[in-house]
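Computed over heavy atoms, backbone and side chain alike; hydrogens, waters and symmetry mates excluded.
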Amino acid sequence: MKLLFAIERFYPYHDASAKVLKNLLSSTVFQDCEIHVVSIGNNDLNDGSIKIHNISYKENLFNRIKHKIFKGKFIKDNAFIKKFKEKIEDICQNYDISHVIYIIGNMNLLLVNPKINSEQNYVFYDSLLNNFFYNREKNKHIVKIQNNAFDRASSIFLLEEYIDIYKKFHPIQSKKFHPFFITAFYNEKPLNDSESNVLLHAGAFFPGLRDPFLFFDFLNKCSEQKIDISAITLGELPKSLKNYNIPSNLTILNRVFGQDYSNLILSTKCFVLIDNCISCNQIPSKTYEYIGYNRKIIFFSKGNTNTAKLLKENKNVFFVNDDISNDTIKMFKKFLETDTFNERKKYFRNEKDYVANYLLEKLK
């Protein structure tokens, strides 16, 4: 089987969707397949057996201005669509591709309609409906774009959490829907426990979605009680925190990748996950990454999101809601001192070999 995966960016895998796809394609289940990836980049290259076809593209100033003005709404990018269309047509013709699989993060990929004989399929890691990224866009507009793409699709793969949402908006095409699973377990087996006292927040803060205030209050409470716990967060803080008093036991580092990131993971005792939105259905890929490492997680949540449901029965997770008392800190300290359970086995459908087998079975 010859497969072409179309994704906005793939190399060097710093984007969450790219890392998840890279991890999936590393499965030996694909060893009898010919794998191609088309994405935005500088030069064509091979990564092992994966042939990467890169598109030279730079967003123009007009589009960047539109994104700033209409933040939260979908911006159609004709140049992006045209370049992907032409490249996909070229690859399908030259390599006799059997299936094109679009990894949908940028909604413009739904508007790519190449003239090819290959079957076309879509994979959604996020729900574009009721999604924070397009939170100002009318669902009616998104549904219209999706309907046109779904009409020409053979299969549409959605995370289980989004199946009901998509059945509601696309009842006629629901027979094409298949549940899908994120493969963000980047290590082959759970990591050994760390003896450090470091908490790591490896994701990003978003005002109104993943605000860090409760996390910061928790750290301040640890300092007040003279609990020897420190924390690290990666990347710049949002502008809304510019005048906020950052906890003294929090270190802000630039984002790190590759071996530097792996070393940081190995030295971490517990991961930090923030999910204080009320209505967002999105599950951050970091959630699955953390589960894969099988380390402890401190989870700041009101408990009513898909992420909370996913972690509800995970014994390695310490839930924190709005109430941070002295007892909360004491219980967390005790939580860190207890043994770590092998919870990863509960999420076997997120193992890359399982997902690879599942995908190939549905594409046949």
Side-chain angles (χ1 to χ4, degrees), residues 16 19-20 23 159 161 181-187 189-206 209-219 221-222 227 229-235 247 249-251 261-262 264-277 280 282-324 328-351:
K19 288 177 70 177
V20 169
N23 186 47
L159 296 193
E161 294 81 11
F181 318 98
I182 281 188
T183 58
F185 294 0
Y186 301 135
N187 51 314
K189 58 183 180 180
L191 298 177
N192 294 326
D193 201 8
S194 170
E195 297 300 321
S196 76
N197 61 349
V198 178
L199 316 182
L200 175 64
H201 178 264
F205 298 128
F206 294 103
L209 178 67
R210 294 178 205 138
D211 284 313
F213 302 115
L214 196 59
F215 172 41
F216 287 0
D217 290 345
F218 175 86
L219 291 177
K221 205 77 170 178
C222 287
I227 303 295
I229 288 175
S230 61
I232 295 172
T233 187
L234 302 180
N249 49 356
L250 175 66
T251 301
Y261 182 69
S262 298
L264 189 58
I265 293 296
L266 290 171
S267 66
T268 297
K269 180 71 173 179
C270 177
F271 296 111
V272 178
L273 193 62
I274 297 174
D275 179 38
N276 55 4
C277 60
C280 180
Q282 184 195 32
I283 298 177
S285 62
K286 287 294 176 189
T287 307
Y288 295 95
E289 181 183 345
Y290 291 171
I291 292 170
Y293 295 137
N294 206 69
R295 288 273 174 85
K296 289 184 168 67
I297 300 170
I298 181 169
F299 181 36
F300 296 90
S301 172
K302 296 182 183 297
N304 56 354
T305 62
N306 282 331
T307 307
K309 293 172 186 176
L310 179 72
L311 296 176
K312 185 178 180 181
E313 304 300 327
N314 192 314
K315 296 177 184 176
N316 293 332
V317 180
F318 186 86
F319 283 80
V320 179
N321 55 28
D322 285 334
D323 181 25
I324 299 180
T328 304
I329 306 302
K330 291 177 183 177
M331 287 188 291
F332 178 71
K333 188 173 183 294
K334 185 177 180 180
F335 166 77
L336 286 185
E337 294 168 352
T338 59
D339 292 335
T340 301
F341 296 89
N342 184 3
E343 294 291 88
R344 174 166 162 162
K345 60 185 179 181
K346 293 180 180 178
Y347 305 90
F348 66 93
R349 291 185 303 180
N350 298 103
E351 299 284 358

Enquirer: Do the side chain of Arg295 and the main chain of Asn192 share a donor and acceptor less than 3.5 angstrom apart?
Expert: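 Judged by distance alone, yes, a pair lies under 3.5 Å.
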Enquirer: Say whether, by atom type as modelled, one donor and one acceptor occur between the side chain of Thr183 and the main chain of Val20 under 3.5 angstrom.
Expert: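 Yes; at least one donor-acceptor contact below 3.5 Å.
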Enquirer: What pair of heavy atoms forms the shortest contact from Tyr347 to Asn314, and how long is it?
Expert: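 Shortest heavy-atom contact: OH-ND2, 3.3 Å.
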Enquirer: To the closest 0.5 Å, what do you measure between CD (Glu161) and OG1 (Thr305)?
Expert: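 It is 10.5 Å, given to the nearest 0.5 Å.
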Enquirer: Step through the shown structure and confirm whether more than 12 heavy atoms of other residues, nucleotides or ligands are within 6.0 Å of CD on Glu337.
Expert: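 It does: Glu337 CD has more than 12 such atoms within range.
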Enquirer: How many angstroms lie between atom CG of Leu219 and atom CZ of Phe215, to the nearest 0.5 angstrom?
Expert: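 Nearest 0.5 Å value for the CG-CZ distance: 4.5 Å.
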Enquirer: Donor-acceptor pair, Lys346 side chain versus Glu313 backbone, under 3.5 Å?
Expert: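 It does hold such a pair.
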Enquirer: Go through the structure and list residues passing side chain to side chain contact (heavy atoms under 4.5 Å, CB included) with Ser262, not counting sequence neighbours.
Expert: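 In terms of side chain to side chain contact (heavy atoms under 4.5 Å, CB included), with neighbours along the sequence ignored, Ser262 is linked to Gln259.
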Enquirer: Once you round to the nearest 0.5 Å, how far does CD1 of Ile227 lie from CG of Asn249?
Expert: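 So the gap between those two atoms works out to 11.0 Å.
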Enquirer: To the nearest 0.5 Å, what is the distance between CG (Leu234) and CG (Leu200)?
Expert: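 These two atoms lie 5.5 Å from each other.
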Enquirer: Answer whether the closest heavy-atom distance between the side chains of Ile291 and Leu310 falls below 4.5 Å.
Expert: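 Yes; the side chains approach each other to less than 4.5 Å.
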Enquirer: Ignoring hydrogens and angles, tell me if any N or O in the side chain of Asn316 forms a donor-acceptor pair with the backbone of Thr340 under 3.5 Å.
Expert: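 Flag not set: sc Asn316 to bb Thr340 has no pair under 3.5 Å.
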Enquirer: Answer whether the closest heavy-atom distance between the side chains of Ser194 and Thr268 falls below 4.5 Å.
Expert: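 No; the side chains remain at least 4.5 Å from each other.
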Enquirer: Would you say Asn197's side chain and Ser230's backbone share a donor-acceptor pair under 3.5 angstrom?
Expert: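 Flag not set: sc Asn197 to bb Ser230 has no pair under 3.5 Å.
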Enquirer: Measure the CG-OG1 distance between Leu311 and Thr287 for me, rounded to the nearest 0.5 Å.
Expert: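 Between atom CG of Leu311 and atom OG1 of Thr287 there are 6.0 Å.
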Enquirer: State which residues pass side chain to side chain donor-acceptor pair (under 3.5 Å) with Asn23; sequence neighbours excluded, sorted by chain then number.
Expert: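 Expected list: none.
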Enquirer: Does the side chain of Arg344 reach to within under 4.5 Å of the side chain of Asn187, using non-hydrogen atoms?
Expert: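 Yes; the side chains approach each other to less than 4.5 Å.
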Enquirer: Taking all heavy atoms of Tyr290 and all of Gly203, pick out the closest pair and write down the distance.
Expert: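 Answer, listing the atom of Tyr290 first, then Gly203: OH-N, 4.2 Å.
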Enquirer: Using every non-hydrogen atom in the two residues, find where Pro212 and Ile274 come nearest and quote the distance to one decimal.
Expert: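 Heavy atoms only, the tightest pair is CA-CD1, 4.0 Å.
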Enquirer: Mind checking what makes side chain to side chain contact (heavy atoms under 4.5 Å, CB included) contact with Thr233, not counting sequence neighbours?
Expert: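 So Thr233 forms a side chain to side chain contact (heavy atoms under 4.5 Å, CB included) with His201, Phe205, Leu237, Leu250, Ile252.
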Enquirer: Does any N or O in the side chain of Tyr293 come within less than 3.5 Å of the main-chain N or O of Tyr186, such that one atom is a donor and the other an acceptor?
Expert: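 Judged by distance alone, no pair lies under 3.5 Å.
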Enquirer: Any side-chain heavy atom of Asn306 within less than 4.5 Å of one from Leu159?
Expert: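 Asn306 does not reach Leu159 side chain to side chain.
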Enquirer: Using side-chain heavy atoms (C-beta onward) and a distance below 4.5 Å, is Lys302 in contact with Asn321?
Expert: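 In short, these two side chains do not touch, never coming nearer than 4.5 Å.
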Enquirer: For a ring-ring contact (aromatic ring centres under 6.0 Å, His included) with Phe319, tell me which candidate from Phe299, Phe332, Phe300 qualifies.
Expert: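 Result: among Phe299, Phe332, Phe300, Phe299 is the only option passing the ring-ring contact (aromatic ring centres under 6.0 Å, His included) with Phe319.
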Enquirer: Between the main-chain N or O of Leu199 and the side-chain N or O of Lys269, is there a donor-acceptor pair closer than 3.5 Å?
Expert: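 No: the side chain of Lys269 does not pair with the backbone of Leu199.
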Enquirer: Taking atom CG of Asp211 and atom CG of Asp275, what is their separation to the nearest 0.5 Å?
Expert: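 Asp211 CG to Asp275 CG: 11.5 Å, rounded to 0.5 Å.
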Enquirer: If you look at every heavy atom in Val198 and Ser267, which pair is closest and at what distance?
Expert: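 Answer, listing the atom of Val198 first, then Ser267: CB-O, 4.1 Å.
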Enquirer: Hey, is NZ on Lys315 packed in by over 12 heavy atoms from elsewhere, all under 6.0 Å?
Expert: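 No, NZ of Lys315 has 12 or fewer neighbouring heavy atoms, counting only those of other groups under 6.0 Å.
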Enquirer: Quick one: is the NZ or CZ of Lys296 closer than 6.0 Å to the six-membered ring centre of Phe335, and within 45° of its axis?
Expert: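 Ring-cation test returns yes.
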